*Asks:* 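First the structure, which I've put down as structure tokens, then a few questions once you've had a look.
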There are 2 protein chains.
Amino acid sequence: MRRTQAQRSEATRARILDATLQALVERGYAETTTAEVQARADVPRGTLLHHFPTKIDLLVASVQHVARRRLEALVTELAALPGDVDPLDAFVDGIWIHFSSPLFWAALELWNAARTDPELRAALMPVEKEIFGVLHERAQALLGPDPRGATVVQLTFEMMTGLAMTGIVSGELGRRELLIRRWKRAAAILLGRRDPDTLVERTKGT
Amino acid sequence: MRRTQAQRSEATRARILDATLQALVERGYAETTTAEVQARADVPRGTLLHHFPTKIDLLVASVQHVARRRLEALVTELAALPGDVDPLDAFVDGIWIHFSSPLFWAALELWNAARTDPELRAALMPVEKEIFGVLHERAQALLGPDPRGATVVQLTFEMMTGLAMTGIVSGELGRRELLIRRWKRAAAILLGRRDPDTLVERTKGT
DNA sequence: TCCCAAACAGTCTGGCGTGACGGTAAGCCA
DNA sequence: TGGCTTACCGTCACGCCAGACTGTTTGGGA
């Protein structure tokens, strides 16, 4: 197994970045120390410092890495949507699969840290824009050129982000699933495909 | 100015918790060290440790403190809603004022940390439930007993949370304001008070 | 008035996190 | 093949953070 320098370099670099991602998910941003990453990647200290001279270098690189992973996952997930259900429902489900995955948790850790760290914020802004672009593009393909479509996609994006955050604290999985179901209906209503009266399951009362 | 022990104790305790809140907002969870809090509160090390023996004690107490502050702020904000506009619009605006305030940023820091810290999560769950209860109650008073109301309030809650998070990374203030405007319309549509065709400003095309 | 308990205060230490540094070996180009 | 670049490696030192410890003041009950 004779490898070129570039291949070797890239391999250990990837190991380190994967370890960082894993640490962000399992330990959270505050506990993601260079020593923690080093241990998870099983590389000596010097190696880590060779590839990423400072901690912020590592974190900025991990922003890129997480984004790349998310893009891969998103296109796979969105391509695997079942064709035998309402495209809108399938789309919401697909997005939710992504937004409830550990991969997105790592992104949330970085988002939150970015609030008080300009370097991270600067690194995050373009990549998030790109991810949203992919989402938007796929939505247009699925839902057609409805002028309300873009707005509904944006609202869905915010909604899923909110659900990911509140899900942290309200352990109940059922609540989230219920809200997802209702949001699907809401989206259909907003697109004029459904009657507002059917938002909740059983319209009780008057 | 002769104060009882309880008064003195409470005063310094409050100073410390305010300092913690401030640190969470300005420095973020990862950089909120005991030394940082100590300096901001301007208390000696011993005093801090007297009131909060360990760091997690301090953080758990700050969860309570932030929640209390948020409740105070919420009732004030929701009471001060202008009466001359659509109650639904006013309600969304009121919630957004809260969710875009530094007070809520501090809560987000704690939420995020809670994902990987069971003690924080345990402390957060009941207080967040209480806050949501207040919101829900006020909404019912404003919007009437529509069975869809509860769902719309929940969706609004998730939406605002999402906007708070994405707002961190997409610096553009205008985007958020636009989405708030559209969400107001969307909420009205979901409640059957508005035509789905009017979701976006100018319905261009077919 | 006496005394105890509780608030307040300052110092010290062990541990950890970061990054500097000097060194080795493997690939690459002339 | 010789030298040079680049990947890789291990140790060390500084600084900071958390919390243990001991001493001091103040309020309140007996």
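Sequence lines set the chain letters: A, B, ... in the order given, protein chains first and strands last, and positions in each chain run from 1. Predicted model, so just to flag it, every value in this text is computed and none were measured.
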*Asks:* Round to the nearest Å and state the distance from A/Leu49 atom CG to D/dT11 atom P.
*Replies:*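 Checked: the CG to P distance equals 15 Å.
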*Asks:* Figure out the CG/P separation between B/Leu58 and D/dG19, and round it to whole Å.
*Replies:*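 So the two atoms are 10 Å apart, to the nearest Å.
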*Asks:* Any side-chain N or O of B/Thr47 less than 4.0 Å from the OP1 or OP2 oxygen of C/dA9?
*Replies:*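 Yes, B/Thr47 has a side-chain N/O under 4.0 Å of OP1/OP2 on C/dA9.
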*Asks:* Contact class for A/Thr33 (heavy atom, under 4.0 Å): base, sugar-phosphate, or nothing?
*Replies:*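 Sugar-phosphate, backbone atoms only, no base.
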*Asks:* Between A/Gln38 (CD) and C/dG19 (C1'), how many Å, whole number?
*Replies:* 12 Å
*Asks:* Distance check needed: C/dG17 C1' versus A/Phe52 CZ, whole Å only.
*Replies:*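 It is 18 Å, rounded to the nearest whole Å.
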*Asks:* So B/Arg45, base contact, sugar-phosphate only, or nothing? Heavy-atom distance under 4.0 Å.
*Replies:*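 Counting heavy atoms under 4.0 Å across all strands, the contact made by B/Arg45 includes a base.
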*Asks:* In whole angstroms, how far is the P atom of D/dA7 from the CD1 atom of A/Ile16?
*Replies:*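 Atom CD1 in A/Ile16 sits about 12 Å away from atom P in D/dA7.
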*Asks:* CD of B/Glu31 versus P of D/dC16: gap in Å, rounded?
*Replies:*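 Rounded to whole Å, this separation is 13 Å.
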*Asks:* Strictly below 4.0 Å: does B/His51 bring a side-chain N or O up to OP1 or OP2 of C/dC8?
*Replies:* yes
*Asks:* Do you know which of B/Trp183, B/Trp105, B/Phe157 makes ring pair (Phe, Tyr, Trp, His ring centres under 6.0 Å) with B/Phe99?
*Replies:*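 Going through B/Trp183, B/Trp105, B/Phe157 one by one, the ring pair (Phe, Tyr, Trp, His ring centres under 6.0 Å) with B/Phe99 is satisfied by B/Phe157 alone.
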*Asks:* Report the distance from atom CG of B/Leu48 to atom P of C/dA7, rounded to the nearest whole Å.
*Replies:* 14 Å
*Asks:* Side chains of B/His51 and B/Ser9: closer than 4.5 Å at any heavy-atom pair?
*Replies:*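 Counting from C-beta outward, B/His51 and B/Ser9 do come under 4.5 Å.
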*Asks:* Check for a donor-acceptor pair, side chain of A/Arg70 on one end and backbone N or O of A/Ile131 on the other, with a separation under 3.5 Å.
*Replies:*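 Judged by distance alone, no pair lies under 3.5 Å.
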*Asks:* On DNA chain C, nearest-nucleotide positions of A/Gly46 versus A/Glu36: which is more 5'?
*Replies:* A/Glu36
*Asks:* Taking the six-membered ring for Trp and the full ring for Phe, Tyr or His, determine whether the centres of A/Tyr29 and B/Tyr29 are under 6.0 Å apart.
*Replies:*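 No, the ring centres sit 6.0 Å or more apart.
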*Asks:* Using side-chain heavy atoms (C-beta onward) and a distance below 4.5 Å, is A/Arg175 in contact with A/Thr166?
*Replies:*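 Yes, at least one pair of side-chain atoms sits under 4.5 Å.
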*Asks:* Would you say a side-chain N or O of A/Thr12 is under 4.0 Å from OP1 or OP2 of D/dC8?
*Replies:*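 Looking at the OP1 and OP2 atoms of D/dC8, one of them is under 4.0 Å from a side-chain N or O of A/Thr12.
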*Asks:* Would you say B/His50 places a side-chain N or O within less than 4.0 Å of OP1 or OP2 belonging to C/dA7?
*Replies:*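 For B/His50, the contact criterion (side-chain N or O under 4.0 Å from OP1 or OP2 of C/dA7) is met.
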*Asks:* Can a side chain N or O of A/Thr54 be found less than 4.0 Å away from OP1 or OP2 on C/dG19?
*Replies:* no
*Asks:* Roughly how many Å is it from CZ in B/Arg8 to C1' in C/dA6, rounded to a whole number?
*Replies:*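 From B/Arg8 CZ to C/dA6 C1': 9 Å.
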*Asks:* For C/dA7, take OP1 and OP2 only and decide whether either is under 4.0 Å from a side-chain N or O of B/Ser9.
*Replies:* yes
